[in-house]
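Below is one structure, written out as structure tokens; comments come after it.
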Amino acid sequence: MKNQKIALPALSLAATMMLAACGGGGGGSSNTGAAAPASGASTPVVGTAIAPQTSVPASTYAAATMQSAAFSQLNAYRLAMGVGELKQDTILDSAAQAHALYLDANLGNGSITALSHNEVSTLSNYYEATPLSRAQKAGAPVTEWIGEEAAAGNPQANATAYASDCIGQYLNSVYHLEGATSNQETVGIGFTQSTANYVNYTCVLDYGQVSGVSGTPQGNGLDQAAGQQMSTTAIATSPLANETGVALTLRAESPNSVPDVAAPGRPVFVRVRADKPGDVLTVTSFTLTAANGSVVPARIIVPRAALTGSTSAATADVNNELPSGVAFLVPLAPLTANTTYTASFSGARDGSPISKSWPYSTGAN
């Protein structure tokens, strides 16, 4: 829908602690240590939305880097899901790297204790206040919509492992799974694991969107009517059909989608196209069944607008963060390792019945 925008919250994870998202803000000051503006991104073509991209140019990231591995991993997942690959944007690389440096330095020196999309002008490595202003400072056009996700985590063995941990945090959440598999078109990736006072890493993904956009871009958000749009009959899911090695638990994020659940399992996600006014995905039934036939106790979460017409078992997103066209099933306890599950969904997109049932298998931990 033309005026519905998707705001992207910050992912908030380190394996040893919960890093709350959102906060701060600031205005122009020194950007010492931040990445320099880049050039080389493709010229935006503002017009209608586009179909999911099934191929994109090879990235220019150096081989054996976290960025190269993360680009490949995220695009492979998005392609399999049917929501389209993302092109590399070197301008967004600079903006994302600048914010990764800011987070790394200020978590390390104690100036901040939580991840945030906003930067404070008096702190180390300040670049610009918001994802949008950082992208524009790096050279993004003023018409481009910008969304951002950020995470932190423990040291890993190599670049591929850093990428897997960062992307895995997004995919094993609620709001950030939705954000990482949404209708953006491009991506820039920032990564830092270099500050002696902060041994953990920070990773930042900045997303760009130009096709079909309208209105004034937000500080951090995507236009739901723009970018890559699936067909009206497509159903995208995560975990993927027949996916293996699926995580057992939901990775903690801020805001918390299930604040009253002590140890939720890895969510199940359904997405349909919802770019027009009034588009809605209602849920008739949404279940997860183990190989032994037992139904997993779980909570169905939908945008508030989808409660009408959905099963009475559905609950509204407590943070009002989810856009139209999505539904989540969150197990109330961790899943069992090395187990095959079957997810089953039935409902309607704008009143037209849809259904899907698919298996996937968990990993060892």
Side-chain angles (χ1 to χ4, degrees), residues 11-16 18 69-70 72-83 149 151 153-154 156-158 160-181 203 235-253 256-271 283 285-302 313 315 322 326-346 355-365:
L11 194 62
S12 57
L13 318 172
T16 57
M18 171 74 173
S72 297
Q73 291 175 20
L74 179 59
N75 270 336
Y77 201 89
R78 287 181 57 98
L79 181 64
M81 194 174 171
V83 295
E149 295 187 304
N154 289 340
Q156 303 292 315
N158 51 48
T160 299
Y162 276 112
S164 296
D165 193 70
C166 175
I167 299 302
Q169 291 193 53
Y170 301 134
L171 298 183
N172 298 327
S173 64
V174 170
Y175 300 123
H176 299 83
L177 167 57
E178 190 286 317
T181 62
C203 67
I235 305 172
T237 68
S238 179
L240 306 169
N242 299 307
E243 184 175 347
T244 60
V246 173
L248 308 182
T249 60
L250 181 150
R251 296 291 293 266
E253 65 180 334
N256 190 343
S257 58
V258 283
D260 59 326
V261 180
R266 199 281 194 190
V268 184
F269 177 44
V270 171
R271 177 193 291 282
V283 180
S285 176
F286 201 175
T287 60
L288 185 64
T289 306
N292 64 5
S294 61
V295 176
V296 176
R299 178 174 300 168
I300 301 169
I301 301 176
V302 298
T315 61
L322 295 177
V326 303
F328 279 88
L329 184 75
V330 180
L332 301 183
L335 301 179
T336 302
N338 301 312
T339 299
T340 297
Y341 289 90
T342 299
S344 298
F345 177 89
S346 66
S355 63
K356 185 169 184 176
S357 182
W358 71 103
Y360 62 86
S361 300
T362 55
N365 51 51

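Between Ser257 and Tyr175, the closest side-chain pair of non-hydrogen atoms falls below 4.5 Å. Considering only heavy atoms from C-beta on, Phe345 stays 4.5 Å or farther from Leu329 through its side chain. Contact of the Tyr341 side chain with the Leu335 side chain is registered, since non-hydrogen atoms from C-beta on lie closer than 4.5 Å. A 4.5 Å side-chain heavy-atom check between Val270 and Phe286 finds at least one atom pair inside the cut-off. You'll find the side chain of Tyr360 stays beyond 4.5 Å of the side chain of Arg266, heavy atoms only. Within the 4.5 Å cutoff, side-chain heavy atoms of Thr160 are placed close to those of Gln73. Two residues are said to be in side-chain contact when any heavy atoms from C-beta on lie closer than 4.5 Å; Cys166 and Tyr170 meet this criterion.
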I'd like a table of donor-acceptor pairs (distance under 3.5 Å, sequence neighbours excluded) in which one partner is a side-chain atom from residues 288-298, with atom names and distances.
unit_1 : atom_1 : unit_2 : atom_2 : d
Asn292 : OD1    : Ser294 : N      : 2.9
Asn292 : OD1    : Ser294 : OG     : 2.7

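Across every non-hydrogen atom of Ala80 and Leu240, the tightest pair is CB-CD1, 3.6 Å. The two atoms that bring Phe328 and Val174 nearest to each other are CZ-O, 3.2 Å, heavy atoms only. Pairing each heavy atom of Ala327 with each of Val283, the nearest pair is CB-CG2, 3.9 Å. For the residue pair Ser344 and Ser357, the shortest heavy atom distance occurs at OG-OG, 3.1 Å. The shortest non-hydrogen separation linking Ala69 to Ala163 is CB-CB, 3.5 Å. The shortest heavy-atom contact between Val330 and Gly265 is CG1-O, 4.1 Å.
When atom types are taken as modelled, the side chain of Ser173 and the backbone of Arg251 share no donor-acceptor pair closer than 3.5 angstrom. Counting only distance, with no hydrogens or angles, the side chain of Arg271 and the backbone of Met81 share no donor-acceptor pair below 3.5 Å. Panel note: side chain Thr244, backbone Ser361; no donor-acceptor pair is recorded below 3.5 Å. The backbone N or O of Asn338 sits less than 3.5 Å from a side-chain atom of Thr362, completing a donor-acceptor pair. Counting only distance, with no hydrogens or angles, the side chain of Thr237 and the backbone of Pro239 share a donor-acceptor pair below 3.5 Å.
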With side chain to side chain donor-acceptor pair (under 3.5 Å) as the test, would you mind laying out the steps for His176 and Glu253 before giving the verdict? CA-CA 8 Å; His176 299 83; Glu253 65 180 334; 2.3 Å; yes
Taking it one step at a time, do Val258 and Ile301 satisfy side chain to side chain contact (heavy atoms under 4.5 Å, CB included)? CA-CA 9 Å; Val258 283; Ile301 301 176; 3.8 Å; yes
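In this model, no donor atom of one side chain and acceptor atom of the other lie less than 3.5 Å apart for Ser346 and Ser355. For Tyr77 and Thr181, the side-chain atoms include no donor-acceptor pair closer than 3.5 Å.
In this structure, the separation between SG on Cys203 and CD on Gln169 is 6.0 Å, given to the nearest 0.5 Å. Atoms CG and CG, on Leu248 and Asn365 in that order, are 6.5 Å from each other to the nearest 0.5 Å.
Dense packing is recorded around CG of Asp260, with more than 12 heavy atoms of other residues, nucleotides or ligands lying under 6.0 Å away.
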